[in-house]
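Owing to the predicted nature of the structure, the values given are computational and were not obtained by experimental measurement. Start at 1 and go down the list; that is how both ligands and their atoms are numbered. All residue numbers in this chain count up from 1 along the given sequence.
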Amino acid sequence: MEKVLSFSSVGKRVRLSRILKDGKAVIFAMDHGMEHGPDEFPEEHLNPKVIISKVVSAGVDAIMVNPGIARLTYEEWGNKTALIVKVTGKTVLRPKEDQFLQSPTGIVEEAIALGADAVAATIYWGTPYEDVMMERFVEIANACSIYGMPILQLAYPRGPTIQNRYDVKIVKYGARAAAEIGADLIKTYWTGSKETFSQVVKAASGIPVLLSGGARTPKPIDFLKIVEQVLEAGGSGVVVGRNVFQLKNPEAMVRALIRLVHKGESPEEAARAEGLM
Ligand code: FBP
């Protein structure tokens with residue numbers, strides 16, 4: 001007998017396929033205006049329209065932004081690339097101990113209104129606020145299930161008991177917890193090697209794992225080499241912010257990442273072709 005999917009399963013599949021067109025993706029993250037503050041952007045990229053227009057024209061598979069930025073920049077991304085709306089966030093203006101909590105920045109219905117292909121939400125696994133964030137995640141994921149909307153989890157272990165948040169044991173635990181709570185996509189930290197990152201991918205048990213870009217590397221080729229190892233470890237691509245928007249030529253980095261992720265080129269080939277070496 002032919003298996004008939006639920007409406008919601010179809011919706012999730014259709015939306016996910018707009019992001020992971022060949023099973024992999026280069027996603028541009030730009031929630032830093034809230035997460036780190038506007039000084040994170042070089043002056044020429046403070047205006048979200050400018051940087052989003054650049055990365056979209058370079059061919060990113062999706063952008064991940066807060067609802068207000070999606071609204072401000074719809075002319076730049078609409079009908080041109082997939083949209084992931086992040087519905088949790090925090091500022092670093094908070095007292096230090098409260099920076100372990102992500103609060104709502106939007107709701108699933110707003111993301112739908114904006115035309116989103118997925119929503120994103122963070123859980124800081126291991127913090128004293130883990131319980132609150134888990135509860136919120138379950139609420140968001142429930143709404144997503146109704147509307148056929150995929151949910152990406154920024155699975156970020158941190159907190160007072162975690163000494164090294166990049167330790168494979170810790171990152172792997174976060175990725176597994178993300179899979180167990182029902183994430184459809186997982187974004188997490190680089191663990192420092194292909195071997196360790198493959199353990200993270202395995203722990204996620206088939207839920208696609210994407211690299212969380214991290215701070216800008218000294219040279220563009222350094223970042224491309226990390227992404228190469230992520231792919232070799234079975235990772236599904238990258239969600240990158242600073243290693244794109246903090247560069248003078250963000251388009252070149254996006255195109256180089258596309259060469260790696262979708263065309264299987266080496267970091268050296270991709271960097272040379274895009275004038276990054
Ligand atoms: P980057 O590529 O710049 O690291 O962006 C990825 C990201 O997860 C952003 O979405 C988020 O704002 C930031 O990193 C979180 O940074 P931090 O680890 O300092 O909380």
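Qualifying side-chain contact (heavy atoms from CB on, under 4.5 Å) partners for I226, counting only residues two or more places apart in sequence or in other chains: W190, L211, T217, V230.
Within a 6.0 Å sphere centred on NZ of K219, other residues, nucleotides and ligands contribute 12 heavy atoms or fewer.
The pair R255-E251 does not count as a salt bridge, with every side-chain nitrogen at least 4.0 angstrom from each carboxylate oxygen.
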Side-chain donor/acceptor pairs under 3.5 Å, residues 113-123, sequence neighbours excluded:
unit_1, atom_1, unit_2, atom_2, d
D117, OD1, R18, NH1, 2.7
D117, OD2, L83, N, 2.9
T122, OG1, Q102, OE1, 3.3

Pairs under 3.5 angstrom only: tabulate donor-acceptor contacts from the side chains of residues 63-73 to other protein residues two or more places apart or in another chain.
unit_1, atom_1, unit_2, atom_2, d
N66, OD1, T105, OG1, 3.3
T73, OG1, I69, O, 2.7
T73, OG1, W77, NE1, 3.3

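Remark: the R158 side chain and the T127 side chain contain no N/O donor-acceptor pair separated by less than 3.5 Å.
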Would you mind writing out a table of all protein N or O atoms found under 3.5 Å from any N or O atom of ligand 1, naming both atoms and giving the distance to 0.1 Å?
unit_1, atom_1, unit_2, atom_2, d
ligand 1, 2 (O), G214, N, 3.3
ligand 1, 2 (O), G241, N, 2.8
ligand 1, 3 (O), H32, NE2, 2.7
ligand 1, 3 (O), R242, N, 2.8
ligand 1, 3 (O), R242, NE, 2.7
ligand 1, 4 (O), G214, N, 2.7
ligand 1, 4 (O), G214, O, 3.4
ligand 1, 4 (O), R242, NH2, 2.7
ligand 1, 5 (O), H32, NE2, 3.0
ligand 1, 8 (O), Y156, OH, 2.2
ligand 1, 8 (O), K187, NZ, 2.4
ligand 1, 8 (O), S212, OG, 3.4
ligand 1, 10 (O), D31, OD1, 2.7
ligand 1, 10 (O), D31, OD2, 3.1
ligand 1, 12 (O), D31, OD1, 2.9
ligand 1, 12 (O), D31, OD2, 3.2
ligand 1, 16 (O), H36, NE2, 3.0
ligand 1, 18 (O), R158, NH2, 3.0
ligand 1, 19 (O), H36, NE2, 2.8
ligand 1, 20 (O), R158, NH1, 3.2
ligand 1, 20 (O), R158, NH2, 3.2

